[in-house]
Amino acid sequence: METVLSGIRSTGHLHLGNYFGALRNYIKMQDEYNCFFFIADLHSLTTHPHPDDFHSGVKTILTEYLASGLDPEKSAIFVQSDVPEIVELYVLLNMIAYKGELERTAAFKEKVRKNPENVNAGLLTYPVLMAADILVHRANKVPVGKDQEQHLEMARLLARRFNNLYGVELFPEPQAFNFGSDLVKVPGLDGSGKMGKSEGNGIYLFDDEKTIHKKVMKAVTDAGPVEQNSKMAEPVENLFTLLKIVSAPETVVQFKEAFNNCTIRYGDLKKQLATDICRHTLPIREKIEEIYKDEAFLQRVIKRGTEKARESASATLYEAKKAVGFRSF
Ligand code: ADP
Ligand code: TRP
């Protein structure tokens with residue numbers, strides 16, 4: 001069975017973009033692949049989060065993933081820093097990662113431009129740590145967004161380079177992975193672009209009913225169609241895109257017809273949209289509240305996930321160290 005692995009950054013809350021764009025696919029993958037999902041807490045240290053917030057960020061994201069349907073019986077769910085084998089492989093890979101190629105990474109250049117006062121070595125070698133995350137489980141498939149493609153290319157490069165240098169076939173080259181064909185891009189409610197944490201336009205799984213209605217009712221629209229079958233402006237199209245994701249097909253058809261014959265009332269569309277978003281998110285929100293309080297459950301999940309992850313990681317690390325030439329006395 002092929003191995004799927006993905007790392008999740010431990011900041012903020014999950015929004016509808018994360019849920020419909022990524023998580024729903026992860027949930028389906030669990031039945032068909034050997035899955036590893038982990039929280040990349042070491043990666044988040046590049047920006048020096050306050051120690052008081054660090055753990056609660058990890059706990060929040062873990063809780064929200066579990067509440068959304070990641071299943072600890074099916075997948076290994078763990079925290080990156082609980083698996084020291086990752087860090088050890090990271091050291092080995094750092095020796096074959098070159099400064100020039102790391103400096104050319106788009107994400108690194110972007111960070112340097114945005115925060116010139118914090119260009120630390122961890123930032124430069126971010127892709128090496130990510131390669132260690134992936135290669136330590138010899139993962140074949142990595143479900144990530146387009147922004148991570150270059151990092152994945154680095155993981156493939158380091159896998160090949162290690163294999164060639166030491167004359168082994170230890171690491172498979174990990175490929176980007178879209179599960180199924182129903183990959184969606186969830187738009188924001190502010191008229192253009194996608195829903196995102198940093199965009200500040202998110203509806204969160206954690207939001208209550210009132211908050212969701214308030215956010216949706218504030219969504220940008222236009223003055224309404226004046227001609228039959230006119231072209232939709234982007235903000236309105238975005239509302240329809242969301243409606244298609246969360247509502248019944250008949251509902252979409254009904255509002256589309258109303259748009260086409262100019263009888264649409266955006267207020268009604270928004271009310272329906274908010275109600276249908278709540279239908280998806282409120283059961284998850286209830287579970288989030290339940291799970292967050294259940295320390296014993298979270299401990300069990302992490303204990304089990306860490307065991308599975310360390311078993312797989314230590315087998316790989318053993319082979320890697322043997323290839324490099326380490327021998328114990
Ligand atoms: P953000 O920082 O906006 O919360 P991330 O970049 O951490 O999101 O993405 C986590 C996962 O969620 C990725 O797989 C990404 O492709 C997916 N994702 C994020 N926003 C959206 C969106 N608006 N539509 C579809 N998928 C999304
Ligand atoms: N860099 C990824 C992101 O920013 C998170 C991540 C860390 C990751 N390690 C990984 C993703 C390994 C996939 C595989 O979203």
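Numbering of ligands and ligand atoms starts at 1, following listing order.
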*Asks:* Identify, by atom number and element, the atoms of ligand 2 in contact range of L5, meaning under 4.0 Å from any of its heavy atoms.
*Replies:* 12 (C), 14 (C)

*Asks:* Among protein heavy atoms, which sits nearest to atom 25 (C) of ligand 1, and what does the distance come to when rounded to 0.1 Å?
*Replies:* V184 O, 3.2 Å

*Asks:* Heavy atoms only, cut-off 4.0 Å: how does K146 contact ligand 1, side chain, backbone, both, or neither?
*Replies:* neither

*Asks:* Show me which atoms of ligand 2 lie under 4.0 Å from any heavy atom of V144.
*Replies:* 11 (C), 13 (C)

*Asks:* Under a 3.5 Å cutoff, is there a donor and acceptor pairing between the side chains of Q228 and N260?
*Replies:* no

*Asks:* With atom 12 (C) of ligand 2 as the reference point, say which of H137, H151, M130, H43 has the nearest heavy atom.
*Replies:* M130

*Asks:* For atom 15 (O) of ligand 2, grab the closest protein heavy atom and report residue, atom and distance to one decimal in Å.
*Replies:* R9 NE, 3.6 Å

*Asks:* Using the six-membered ring wherever Trp is involved, compare the ring planes of F177 and Y33 and label them parallel, tilted or perpendicular (cut-offs 30° and 60°).
*Replies:* perpendicular

*Asks:* For atom 16 (O) of ligand 1, what is the nearest protein heavy atom, given as residue, atom name and distance?
*Replies:* G145 CA, 3.7 Å

*Asks:* Can you say whether the rings of F240 and F259 are parallel (under 30°), tilted (30 to 60°) or perpendicular (over 60°)?
*Replies:* perpendicular

*Asks:* Nearest to atom 11 (C) of ligand 2, what protein heavy atom do you find, and at what distance?
*Replies:* G7 N, 3.3 Å

*Asks:* Provide the number and element of each atom of ligand 1 under 4.0 Å from a heavy atom of M195.
*Replies:* 20 (N), 21 (C), 22 (C), 23 (N)

*Asks:* Can you check which of G193, P187, G202, A22 brings a heavy atom nearest to atom 17 (C) of ligand 1?
*Replies:* A22

*Asks:* What's the separation between atom CG in L45 and atom OG in S10, rounded to the nearest 0.5 Å?
*Replies:* 8.0 Å

*Asks:* Which is it for V142 and ligand 2 at heavy atoms under 4.0 Å: side chain, backbone, both or neither?
*Replies:* side chain

*Asks:* Any idea which protein heavy atom is nearest atom 7 (O) of ligand 1, and the distance to it?
*Replies:* R9 NH2, 3.0 Å

*Asks:* Ion pair present between E319 and K322, side-chain N to carboxylate O less than 4.0 angstrom?
*Replies:* yes

*Asks:* Before accepting this row, confirm whether a basic side-chain N of the pair E295/K59 lies closer than 4.0 Å to the acidic partner's carboxylate O.
*Replies:* yes

*Asks:* If the cut-off is 4.0 Å to any non-hydrogen atom of G196, which atoms of ligand 1 fall inside it?
*Replies:* 3 (O)

*Asks:* Are E110 and R113 close enough for a salt bridge, meaning some N to O gap below 4.0 Å?
*Replies:* yes

*Asks:* Salt bridge between E153 and R156, side-chain N to carboxylate O under 4.0 Å?
*Replies:* yes

*Asks:* Under 6.0 Å from the six-membered ring centre of F206 and within 45° of its axis: does the NZ or CZ of R285 meet both?
*Replies:* yes

*Asks:* Report the part of F38 in contact with ligand 2, treating N, CA, C, O as backbone and CB onward as side chain, heavy atoms under 4.0 Å; options are side chain, backbone, both, neither.
*Replies:* side chain

*Asks:* Record the part of I134 in heavy-atom contact with ligand 2 below 4.0 Å; permitted values are side chain, backbone, both and neither.
*Replies:* side chain

*Asks:* Y126 heavy atoms, cut-off 4.0 Å: which ligand 2 atoms fall inside?
*Replies:* 1 (N), 2 (C), 3 (C), 4 (O)

*Asks:* Restricting to non-hydrogen atoms, name the atom on I288 and the atom on T63 that form the minimum distance, rounded to 0.1 Å.
*Replies:* O-CG2, 3.4 Å

*Asks:* Which residue owns the protein heavy atom closest to atom 10 (C) of ligand 1, what's the atom, and how far is it?
*Replies:* N18 ND2, 3.5 Å

*Asks:* Starting from atom 24 (N) of ligand 1, what is the nearest protein heavy atom, named by residue and atom, and what distance separates them?
*Replies:* V186 N, 2.9 Å

*Asks:* Touching ligand 1 at all, H15? Heavy atoms, strictly under 4.0 Å?
*Replies:* yes

*Asks:* Thinking salt bridges, do E169 and R160 make one under a 4.0 Å N-O criterion?
*Replies:* no

*Asks:* How close does the nearest protein non-hydrogen atom get to atom 2 (C) of ligand 2, and which residue and atom is it?
*Replies:* Q148 OE1, 3.4 Å

*Asks:* Would you say the rings of F108 and Y126 are close, in the sense that their centroids are separated by under 6.0 Å?
*Replies:* no

*Asks:* At what distance is the nearest protein heavy atom to atom 9 (N) of ligand 2, and which residue and atom is it?
*Replies:* D133 OD2, 2.7 Å

*Asks:* Side chains of residues 241-257: which donor-acceptor pairs under 3.5 Å do they make with residues two or more places apart or in other chains?
*Replies:*
from, atom 1, to, atom 2, distance (Å)
T241, OG1, E237, O, 2.9
S247, OG, L243, O, 3.4
S247, OG, D276, OD2, 2.6

*Asks:* Using the six-membered ring wherever Trp is involved, compare the ring planes of F36 and H137 and label them parallel, tilted or perpendicular (cut-offs 30° and 60°).
*Replies:* parallel

*Asks:* Considering only the protein, which heavy-atom contact is closest to atom 27 (C) of ligand 1, and what is its distance?
*Replies:* G17 O, 3.3 Å

*Asks:* With atoms numbered from 1 as shown, which atoms in ligand 1 lie under 4.0 angstrom from a non-hydrogen atom of K185?
*Replies:* 24 (N), 25 (C)

